[in-house]
Structure formats: C-alpha cells, structure tokens
Amino acid sequence: DAGITQSPRHKVTETGTPVTLRCHQTENHRYMYWYRQDPGHGLRLIHYSYGVKDTDKGEVSDGYSVSRSKTEDFLLTLESATSSQTSVYFCAISESGGKFTEAFFGQGTRLTVV
Amino acid sequence: AQSVTQLGSHVSVSEGALVLLRCNYSSSVPPYLFWYVQYPNQGLQLLLKYTSAATLVKGINGFEAEFKKSETSFHLTKPSAHMSDAAEYFCAVTYTGGFKTIFGAGTRLFVKA
C-alpha cells in the first residue's frame with residue numbers, strides 16, 4: 001500500500017471553528033490532492049499541489065485553504081467550519097499528475113460540523 | 001465543461017451474473033480514463049486504467065473495460081459477479097493537458113446470493 005496517512009481519522013467540531021486536516025506521504029510523490037466525498041456527488045476536488053509551495057484551486061475550494069511546506073505534508077484548513085462542510089475528506093497522491101498514472105488514496109477523514 | 005457521468009447510482013446483480021457499470025465522458029479529445037473501487041470505510045483503489053495502448057483494458061479481480069471513442073464511453077464489466085465485488089465504483093477522467101482527475105458520482109454495486 002502507498003504510504004499515505006491522514007489525521008485525524010474522525011473529528012467533530014463546532015460551527016465557526018477552524019479545523020486543519022493533515023495528509024502525510026512517504027512516497028515522495030510530487031502531486032497531492034484533497035477531495036471531499038458526498039453522497040450523489042462522487043469525489044470533488046478541493047485543492048491540489050504540484051510541488052512545495054505550489055498549490056491551486058479545485059472545483060469546490062471556497063471556505064478551504066491549503067499549505068505545502070514540505071514534499072511529504074499537505075494540510076487542508078477549514079477557516080471557519082460550516083455544517084455544509086460535513087463530509088469525508090480524502091487525500092490522494094500521484095507521481096506524475098494523473099496522466100497515465102493513478103492516484104493513491106488515504107483512508108479518509110470523517111468530519112462532522114455541528 | 002469537462003465531466004464524467006455514471007449511469008445508475010445503484011446496480012444490483014445476482015452472484016454469477018454479468019456486471020455492467022456504465023461511464024460516459026464529455027470531451028472531443030480522448031482523455032485518460034480510470035476505474036476505482038471503494039470498499040466500506042476505505043479509500044479508493046485503482047481497478048484499471050486506459051493508456052491508449054489497447055481499447056480493451058483488463059484490471060484486477062476479473063474486471064475489464066472497453067474504451068469506445070465513438071460513444072465516449074468506458075464501461076466496466078465482469079463476466080461473473082462475486083459477493084466480494086459489492087462496493088462502490090468510480091469512473092475517473094484526466095484530460096489531456098491537465099493533471100486534475102474528475103470523478104463520476106459513483107455506482108454502488110450490490111451482489112445477491
């Protein structure tokens with residue numbers, strides 16, 4: 001299995017509080033991604049990174065920010081959590097950005113905003 | 001807009017029956033295509049991928065998919081379903097020139113004994 005660790009695995013937080021999710025990889029892959037998974041929507045891309053300090057927005061980036069100060073770590077921050085951000089969050093990594101190569105996924109973080 | 005559509009959010013088959021999960025993409029340029037499987041409380045794992053070397057792609061666990069450019073489709077099949085195939089399946093697309101993968105909404109496969 002690809003070495004991807006997401007933390008925490010489960011979190012319950014209150015509306016309006018900031019939350020940070022961490023993704024750590026041991027594969028030295030260049031590309032890292034944050035997705036959210038919701039019933040009926042599949043996985044939607046929040047943000048992605050194509051190198052240290054190089055990040056860009058995905059299709060559902062509002063209310064989220066990311067940082068990547070080291071190759072192995074990609075942090076997702078919910079600046080002020082809302083109930084609509086209750087979801088399962090997946091981190092993924094890819095060696096060459098998806099073309100002809102697959103993404104490897106973490107186990108997911110289940111976030112509940114109350 | 002680039003998109004991928006999976007027809008049917010739920011598919012139910014009997015054990016031993018043919019599995020057919022449908023995926024269509026929107027593009028005039030052939031993309032890079034993938035099928036992933038997700039078992040309960042786990043992340044996604046790759047089943048197979050289309051790399052333009054052959055239109056019929058074989059994956060793990062007896063699954064295969066056929067790329068049909070004229071139909072913009074990449075349907076997933078398995079000749080004989082097994083109980084262990086019960087899971088959610090996602091079709092995914094990465095378009096030429098990009099490195100963002102777009103996922104379909106998923107199809108949950110139920111296998112009846």
Side-chain angles (χ1 to χ4, degrees), chain A residues 1-7 9-10 21 23-25 27 29-51 54-61 66 87-110, chain B residues 1-10 21-25 27 29-54 57 59-60 63 65 67 87-108:
Chain A
D1 291 343
I4 309 170
T5 304
Q6 290 186 231
S7 58
R9 293 292 313 280
H10 302 271
L21 309 182
C23 178
H24 179 78
Q25 62 146 328
E27 305 297 320
H29 283 358
R30 179 181 176 187
Y31 296 87
M32 299 186 75
Y33 309 83
W34 277 108
Y35 290 89
R36 59 176 291 174
Q37 182 179 23
D38 304 288
H41 292 278
L43 276 77
R44 292 180 290 175
L45 183 64
I46 304 171
H47 282 280
Y48 63 98
S49 170
Y50 45 96
D54 292 325
T55 65
D56 204 351
K57 297 179 180 180
E59 60 184 311
V60 291
S61 60
V66 291
S87 185
V88 181
Y89 292 84
F90 285 98
C91 174
I93 64 174
S94 176
E95 189 170 13
S96 61
K99 290 194 291 184
F100 290 142
T101 62
E102 67 267 34
F104 297 94
F105 285 81
Q107 295 290 323
T109 294
R110 184 173 296 275
Chain B
Q2 301 163 346
S3 66
V4 55
T5 302
Q6 291 184 240
L7 186 63
S9 59
H10 296 84
L21 305 182
R22 302 177 186 273
C23 173
N24 288 88
Y25 63 90
S27 175
V29 178
Y32 307 102
L33 297 155
F34 307 83
W35 274 99
Y36 288 84
V37 61
Q38 183 181 32
Y39 297 102
N41 298 315
Q42 295 188 24
L44 281 70
Q45 57 182 276
L46 184 73
L47 263 183
L48 50 81
K49 61 183 178 183
Y50 169 69
T51 62
S52 75
V57 181
I60 62 172
F63 284 92
F67 172 67
E88 190 155 21
Y89 293 81
F90 293 91
C91 182
V93 174
T94 302
Y95 287 94
T96 303
F99 43 79
K100 294 184 289 185
T101 301
I102 300 170
F103 287 83
T107 298
R108 185 168 297 278

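Heavy atoms only: backbone and side chains are in, while hydrogens, waters and symmetry mates are out.
Looking at B/Gln45, there are no atoms closer than 4.5 Å to chain A (heavy atoms on both sides), in backbone or side chain. Looking at B/Gln38, the atoms closer than 4.5 Å to chain A (heavy atoms on both sides) all sit in the side chain, from C-beta outward. Interface remark: A/Leu43 contributes backbone and side-chain atoms alike to the contact with chain B (heavy atom separation under 4.5 Å). With a threshold of 4.5 angstrom between heavy atoms, A/Glu59 does not approach chain B through any atom at all. For B/Leu44, the parts lying under 4.5 angstrom from a heavy atom of chain A are both the backbone and the side chain.
Between A/Phe104 and A/His29, the two ring planes are tilted [angle within 30° to 60°]. Under the 30°/60° scheme for interplanar angles, the aromatic rings of A/Phe105 and A/Tyr35 are found to be tilted.
A side-chain N or O of B/Thr94 and one of B/Thr101 form a donor-acceptor pair less than 3.5 Å apart.
A/Arg44 CZ: more than 12 foreign heavy atoms inside a 6.0 Å radius.
Checked against side-chain hydrogen bond (donor to acceptor under 3.5 Å, both in side chains), A/Ser87 has the following partners two or more places apart in sequence or in another chain: A/Asp38.
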